[in-house]
J.: 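Below is the structure I would like to discuss, written out as structure tokens.
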Amino acid sequence: MNFRVIIFSGIMTALIGAMMGLAVAKIAQREQRQPILIIGGATVGFVIGAFQSSVQQRQKLRDEEYEESEE
């Protein structure tokens, strides 16, 4: 597995999650909860991005192994 790709995917989705948290804080007009929403969105985004990237890499590796075993 390529851990650089996993970390990069996690960071990119963490940025998206932080932006979504900021948008929710703005819409709800809850300035006191803004840091919590931003950190929560970034954390959830990182976890989802890293998990998705690792699953995709594992699927690709499994497909390559399956093709080799057929030959």
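Since this is a predicted model, take the numbers as computed values, not measurements.
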J.: Would you mind telling me which of E64, E65, Q59 makes a side chain to side chain donor-acceptor pair (under 3.5 Å) with R62?
T.: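 Answer to the side chain to side chain donor-acceptor pair (under 3.5 Å) test with R62 among E64, E65, Q59: Q59.
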
J.: If you round to the nearest 0.5 Å, how far is CE of M20 from CG of L15?
T.: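 With rounding to 0.5 Å, CG (L15) is 13.0 Å from CE (M20).
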
J.: Side-chain polar contacts of residues 37-52 - donor-acceptor pairs under 3.5 angstrom, sequence neighbours left out - could you list them?
T.:
from	atom 1	to	atom 2	distance (Å)
T43	OG1	I39	O	2.8

J.: Residues two or more places apart in sequence or in another chain: which of them pass side-chain contact (heavy atoms from CB on, under 4.5 Å) with T13?
T.: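 By the side-chain contact (heavy atoms from CB on, under 4.5 Å) rule, T13 matches no residue at all.
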
J.: Just by distance, do the side chain of Q34 and the backbone of L22 share a donor-acceptor pair under 3.5 Å?
T.: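 No; zero donor-acceptor contacts below 3.5 Å.
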
J.: When you group the ILVMFWY residues by side-chain heavy-atom contacts below 4.5 Å and let the links chain together, are F8 and I11 in the same group?
T.: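 Cluster IDs for I11 and F8 match.
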
J.: Once rounded to the nearest 0.5 Å, what's the spacing between atom CZ of R58 and atom OG of S53?
T.: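 So the CZ of R58 and the OG of S53 are separated by 14.0 Å.
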
J.: Rounded to the nearest 0.5 Å, what's the gap from OG on S54 to CG on N2? Could you check?
T.: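 CG of N2 is found 12.0 Å from OG of S54.
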
